[in-house]
Amino acid sequence: MNYYLIAPAKTFRQDENQLTYESEQVFKTGQIVEIPLGRQTTLGIITKKVAKPDFATKAILRSLYDTPLPTHLVKALLWLSDYYRCPLSSVVQAALPRGITKNRRKNLAAEQNELFEPNAENPLSAAQKRVIKELTENPANTLLLHGITGSGKTNIYIELTKRTLTSGRSVILLVPEIALTSQLVLNFRRHFKRVTLLHSEQTEAIRHQLWEQTLENDQPQLVIGPRSALFAPVKDLGLVIIDEAHEPAYHQDQNPKYSALRLASQMAKTILGTATPLIADYYICKQHNAIISLDELAIKSATNTNISVIDLKKRADFTRNRFISSPLIESIQQSLDAGEQSLIFHNRRGTAPMTICDQCGWQALCPNCFLPLVLHADSYKLRCHTCGFTTTVPTACPECKNASIHHKGFGTKLIEEELKKLFPRAKIGRFDADTSADEKLDKVYQAVRDGNYDILIGTQMLAKGFDFPKLSTLGVVQADAGLSLPDFSSEERTYQLLSQVIGRANRGHRDSRIFIQTYQPEHQIIKNATSGDYLGVYNYLLKLRAAAKLPPYTFLLRLTMTYKTEAATVKNIQALFKKLRQFATSEKLSQIAITPPMPAFHEHNNSGYTWQIVVKAKSRKDLIKIFDQAEKSQYLHYDFDPYTLL
Ligand SMILES: [Zn+2]
Ligand SMILES: [Zn+2]
């Protein structure tokens with residue numbers, strides 16, 4: 001008889017992750033099997049062969065595939081569960097495709113045998129060649145490729161991918177959102193015949209079949225997809241490339257909660273490519289001499305970019321329109337006359353973000369989330385941007401019955417209306433999350449790429465992954481809008497977004513004029529973003545982080561509790577706080593700070609009231625010790641290394 005330790009896809013006890021099973025058959029580590037668990041059957045992954053235990057064991061029912069999951073993947077799953085203290089069952093579930101036990105008719109095209117497109121050229125500049133040499137020779141496991149927008153990071157990715165595949169090892173390329181990076185994907189497709197592309201629009205059946213093909217293929221493979229593509233069962237993973245590595249999309253905020261950057265570096269050599277690295281990543285890579293910079297444009301030309309900062313407080317500049325300054329209007333007109341494009345950014349969707357009664361102060365809030373409802377004037381509906389709740393606009397106040405309902409603030413739909421009035425003959429397009437709900441996203445992308453619009457208005461979606469060859473005017477309606485969020489990462493996010501937006505114009509195709517409208521022209525972040533000074537921002541934020549004992553100087557743990565009533569939440573979280581503080585004192589954990597309980601940013605929603613405690617620790621070990629004191633229940637939620645504390 002053989003005995004195996006198995007990680008089931010179902011939770012069976014709070015404090016245990018694995019169970020021992022027996023079988024007459026010999027299995028390999030990583031094989032996926034069906035096992036009895038309680039009165040049900042479930043799936044599990046064999047993690048280890050073990051000696052005969054001194055307790056009775058149940059028998060493995062069957063194995064699903066002869067091919068086991070690759071060793072690097074099994075190790076990574078165990079690491080993830082341990083490092084983030086999340087149930088191993090949730091990790092196993094995330095790693096296996098849905099409907100894996102179903103028998104499906106194969107309807108995928110037969111696999112290509114050829115890996116490379118034979119005639120694809122990938123010309124490299126001297127600077128790019130230098131970077132490739134440095135990336136290849138640097139012994140660090142995680143490397144930061146700090147390359148400005150337009151420096152040709154894609155060419156570098158392609159070259160490194162070719163080399164890794166040629167050496168017989170697999171490559172996973174992570175992208176924040178597959179549709180938004182389709183130019184990157186197209187570039188890869190020009191060079192590689194056999195690419196496994198994973199994305200959220202695929203059906204369960206397609207995903208299952210792609211996963212199966214990957215598992216059963218013993219050739220080196222190239223997989224492109226979002227963070228979950230790390231779970232693709234490729235043989236001998238040699239390299240993970242993470243494009244736009246600063247993006248929040250690489251943090252999964254549901255169980256299993258993890259950072260794809262940390263997980264990737266457990267699996268293989270990892271390259272983080274970005275123009276605006278997260279402060280903490282830059283700090284860590286700097287300590288390991290693992291930063292490689294590329295600050296030369298791939299397409300060099302003699303074009304000029306002129307950046308003007310416009311103070312929103314100086315209303316003399318806003319005589320023609322209340323949101324769009326006169327210099328920006330003139331520049332758009334100039335671009336129109338020359339047959340060129342203009343891009344206008346505003347990071348707020350809809351028409352107006354607030355609907356209130358001037359008489360009694362009533363505000364339209366979502367009944368599920370208790371967040372302000374946003375007016376969408378085109379459909380004349382109020383919409384919640386968090387849960388999608390939609391309702392009609394009241395004609396009178398539901399509280400005081402006065403006809404005194406007003407809409408405050410402004411979003412992209414209002415900007416669109418204003419621009420249509422200013423430029424009635426221009427072809428104007430809007431591009432944000434509402435566009436994708438209304439129209440086929442691919443069509444809009446194609447129209448954007450083909451240059452079918454004179455003026456484009458959009459949120460940050462528009463700032464990502466696009467190249468606009470005909471662009472000559474770029475305007476940011478309110479650059480400091482994100483700075484007011486009470487979170488440690490809001491300045492960093494604002495810098496990233498502004499840099500990305502400015503990078504759209506800064507690609508050396510033609511002369512361009514950039515207008516940054518802001519209430520805070522003297523703010524360090526606005527100044528550094530307009531001058532493209534990453535190190536300026538880095539040094540500024542690092543000082544703030546040190547003073548506030550925030551990452552990279554500490555590890556963070558956020559504990560939240562949610563109960564139906566506010567009283568229950570307060571009572572329970574205060575008890576937890578007391579317990580943790582007493583433990584820290586008795587264990588003499590000095591390099592630790594536990595903030596007293598406070599309401600979460602989104603304090604109240606349909607499931608109740610949420611309060612939070614933030615624990616900061618110099619060492620991750622201490623953080624885990626503290627965490628282990630908290631009693632696990634359905635009321636407690638936790639987040640290691642949170643990306644934001646909102
Ligand atoms: Zn009222
Ligand atoms: Zn809602």
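Order of appearance sets the numbers: ligands from 1, and atoms from 1 within every ligand.
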Near-ring test Phe640/Phe627, centroid separation under 6.0 angstrom: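 Yes, close enough.
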### Task
For the atoms SG of Cys397 and SG of Cys400, give the angle they form at the Zn ion (ligand 1), rounded to 10 degrees.
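Answer comes to 110°, rounded to 10°.
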- [ ] Could you tell me the angle subtended at the Zn ion (ligand 1) by SG of Cys357 and SG of Cys360, rounded to 10°?
- [x]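 About 110° at the Zn ion (ligand 1).
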*asked:* Can you classify the ring geometry of Tyr540 versus His523 as parallel (below 30°), tilted (30 to 60°) or perpendicular (above 60°)?
replied: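 If you compare the ring of Tyr540 with that of His523, the planes turn out perpendicular.
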Quickly, which of Glu416, Glu417, Glu418 forms a salt bridge (charged side-chain N to carboxylate O under 4.0 Å, His left out) with Arg430? Name it, please.
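By the salt bridge (charged side-chain N to carboxylate O under 4.0 Å, His left out) criterion, Arg430 pairs with just one of Glu416, Glu417, Glu418: Glu416.
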**Message:** If the cut-off is 2.8 Å, does any N/O/S atom of His385 fall short of it from the Zn ion (ligand 2)?
**Reply:**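 No, since none of the N, O or S atoms of His385 sits under 2.8 Å from the Zn ion (ligand 2).
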| said: For the residue pair Arg315 and Phe318, would you count it as a cation-pi contact if the rule is NZ or CZ under 6.0 angstrom from the ring centre and within 45 degrees of the ring axis? | reply: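 Ring-cation test returns yes.
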